[in-house]
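So you know, we letter chains A, B, ... as the sequences are listed, proteins then strands, and number each from 1. For the numbers below, each heavy atom of this structure counts, side chains included, while hydrogens, waters and symmetry mates do not.
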2 protein chains.
Amino acid sequence: MAPTSGQTPQLHAYVAVDVVLFTIDGGELGVLLVKVRDGAFTGRWAFPGSLVGVGESLEQVATRELRALTGVEDVYLEQLCTFGDPNRDPQARVVSTAYFGLAPAAGTPHRAPRYAEAAVFPIRRLPVPLAYDHEDMAVCAVDRLRSKLAYSNIVYGLLPVEFTLSELQEVYEIILGRHLDRRNFRKKILGTGLLKALTRQRRGAHRPATLYRFSRRRPTMVEML
Amino acid sequence: MAPTSGQTPQLHAYVAVDVVLFTIDGGELGVLLVKVRDGAFTGRWAFPGSLVGVGESLEQVATRELRALTGVEDVYLEQLCTFGDPNRDPQARVVSTAYFGLAPAAGTPHRAPRYAEAAVFPIRRLPVPLAYDHEDMAVCAVDRLRSKLAYSNIVYGLLPVEFTLSELQEVYEIILGRHLDRRNFRKKILGTGLLKALTRQRRGAHRPATLYRFSRRRPTMVEML
DNA sequence: CCAAAAGTGTTTAAACTACACCCATGA
DNA sequence: TCATGGGTGTAGTTTAAACACTTTTGG
């Protein structure tokens, strides 16, 4: 806590924040990766991250990073896990707190300052090995996302404001990796009372579908599945 | 990540680990607190913590801290959350990762080097205000404990190796803060197959009770309730 | 009129809840 | 023998899972 010493010499370390930004991309669950420009892992892909600035909170860093990369303002963000292994970055002692974020399909890999490249990769085909311990981070993030889908409404973060029930179901199926029964799904989801049917419909190639929106676009704990 | 700069000057911070050690004490859920010896919060109670040493991982720090405080070797430990608000410690920038631990009722507040005092407080009557942001930490830890009881066997960390079903049930009731039906509880718990009945019994003031132990004393995800 | 997605109920099985009595022991 | 906690089963209700046909539209 206060900088008094433990048994071993005390550490002054770099503190970083990395962001695992999920998005639905081409019918798959994708994450945003950037190509590392320098250091021991030059050329490998990694989750975008940034060192914490003086006076910045961890969440501010995550938000700042996301804005810079996607331009999107309103993303869901939650702290995930902190990685502090002494050798995770061979150049310096860097303790990194991972956040996970959700962005709607549309505008994801906007621009990537500070990085050679940025791209969304399907989570099932990551360009391994990733830099640092970012594969652990990926596992951790996917686990969290899967489990949290079932008992919260955070899926709104992956969808546009208005969507059809089929689209919603598709997102669930993509992330959970299994087929869901349409009738049971609708019963359950509508039963939460978190969705509001609009009068407008989505017209496409076939029968028009009712559009819905989440009545509250903020994290809420409910049994969704 | 690598120590390249963000928009704001990069930060070299202290990294600490704090441990929220739960134990069952006098029929209540208790946590181990220590009295802060110096700094802006002198005299207040806080969760025990330590700065990370050179070459130490976060988990090592948590383990070291727990050993020093309790002498107990085999405690359940899990990373909880990281607190990095710039002003959480007015003396220095300290980013702290909280762990939560579970120790069996017996030997808890062993010895407290480096601290003026150490004591177990019931979670419902903490000596507020705690130092730093440790009240947030407490809330976070209790939430995690409650939810994790329901779908994992980590409760083993709060019990001695051998225990009766009534003792197990009592732990659940204390932590969840509500009464559980004895018959349903036994059905559910025995249905997990994680308990092994011993031939020995606990003899007390009344009818002897069958002793059980967890067949695996390692974290396992199962529907316990 | 055909293809494709939207929409809708019922039946069955499993899980959860509530509930009351007898048993074994120590004092 | 009495007080105390240990141990057991069932009925009613709720929740989850499986399942197929009709509707609406665009092409």
Item to complete: Check the angle between the aromatic planes of A:Phe163 and A:Phe214 and answer parallel, tilted or perpendicular using the 30° and 60° thresholds.
Response: tilted
Discussion item. Once ring-ring contact (aromatic ring centres under 6.0 Å, His included) is applied, do any residues pair with A:Phe83, and if so which ones, sequence neighbours excluded?
Written reply: none
Worksheet, complete the sentence: Between B:Ser152 and B:Met221, the two heavy atoms sitting closest are CB-CE, 3.7 Å
Fill in: Which residues share a ring-ring contact (aromatic ring centres under 6.0 Å, His included) with A:Tyr212, sequence neighbours left out
none
Discussion item. If the test is side-chain contact (heavy atoms from CB on, under 4.5 Å), which one of B:Leu21, B:Leu66, B:Leu58 qualifies with B:Tyr99?
Written reply: B:Leu58
Discussion item. Looking at B:Thr82 and A:Thr97, would you say the former's side chain and the latter's main chain have a donor-acceptor pair under 3.5 Å?
Written reply: no
Item to complete: Could you state the atom-to-atom distance from CG of A:Leu180 to C1' of D:dA18 in whole Å?
Response: 14 Å
Worksheet entry | Sequence neighbours excluded - salt bridge (charged side-chain N to carboxylate O under 4.0 Å, His left out) pairs with any residue from residues 129-142 of chain B | B:Arg88-B:Asp133
Worksheet item: Can you pull the contact range of chain A along DNA chain C, 5' to 3', using atoms under 4.0 angstrom from its heavy atoms?
Response: C:dA3 to C:dT10
Worksheet item: Should B:Arg182 be listed as having a side-chain N or O under 4.0 Å from OP1 or OP2 of D:dG6?
Response: no
Worksheet item: Relative to the ring of A:Tyr156, is the ring of A:Tyr76 parallel (under 30°), tilted (30 to 60°) or perpendicular (over 60°)?
Response: perpendicular
Worksheet entry | Contact residues, residues 195-207 of chain A to DNA chain C [heavy atom, < 4.0 Å] | A:His206, A:Arg207
Worksheet entry | Residue met sooner reading DNA chain C from 5', once A:Arg186 and B:Lys188 are mapped to nucleotides | A:Arg186
Worksheet item: Using a distance-only test with no angle check, is there a side-chain donor-acceptor pair under 3.5 angstrom linking A:Ser57 and B:Asp85?
Response: no
Worksheet item: Which residue pairs pass the salt bridge (charged side-chain N to carboxylate O under 4.0 Å, His left out) test with at least one member in residues 19-28 of chain B, sequence neighbours excluded?
Response: B:Glu28-B:Arg125
Worksheet entry | Nearest-angstrom distance from the residue atom CG of A:Asp181 to P of D:dA20 | 11 Å
What are the atom names and distances for every N/O pair under 3.5 Å that joins the protein to nucleotides 10-13 of chain D?
residue: D:dT10; atom: O4; partner: B:Lys187; partner atom: NZ; Å: 3.0

Worksheet item: What pairs meet the salt bridge (charged side-chain N to carboxylate O under 4.0 Å, His left out) rule with one or both residues in residues 137-164 of chain B, with sequence neighbours excluded?
Response: B:Glu78-B:Arg144, B:Glu78-B:Lys148, B:Glu162-B:Arg200, B:Glu162-B:Arg213
Worksheet item: Does atom CZ of A:Arg216 have more than 12 heavy-atom neighbours from other groups under 6.0 Å away?
Response: no
Worksheet item: In residues 160-178 of chain B, which residues come under 4.0 Å of DNA chain C by heavy atom?
Response: none
Worksheet entry | side-chain hydrogen bond (donor to acceptor under 3.5 Å, both in side chains) against B:Gln201, all qualifying residues, sequence neighbours excluded | none
Worksheet entry | Proximity of B:Phe100 and B:Phe47 rings by center, below 6.0 Å | no
Worksheet entry | Terminal axis angle for the helix from C:dC1-D:dG27 to C:dA27-D:dT1, five pairs an end, nearest 10 degrees | 0°
Worksheet entry | Non-neighbouring partners of A:Asp181 that pass side-chain hydrogen bond (donor to acceptor under 3.5 Å, both in side chains), sequence neighbours left out | A:Asn184
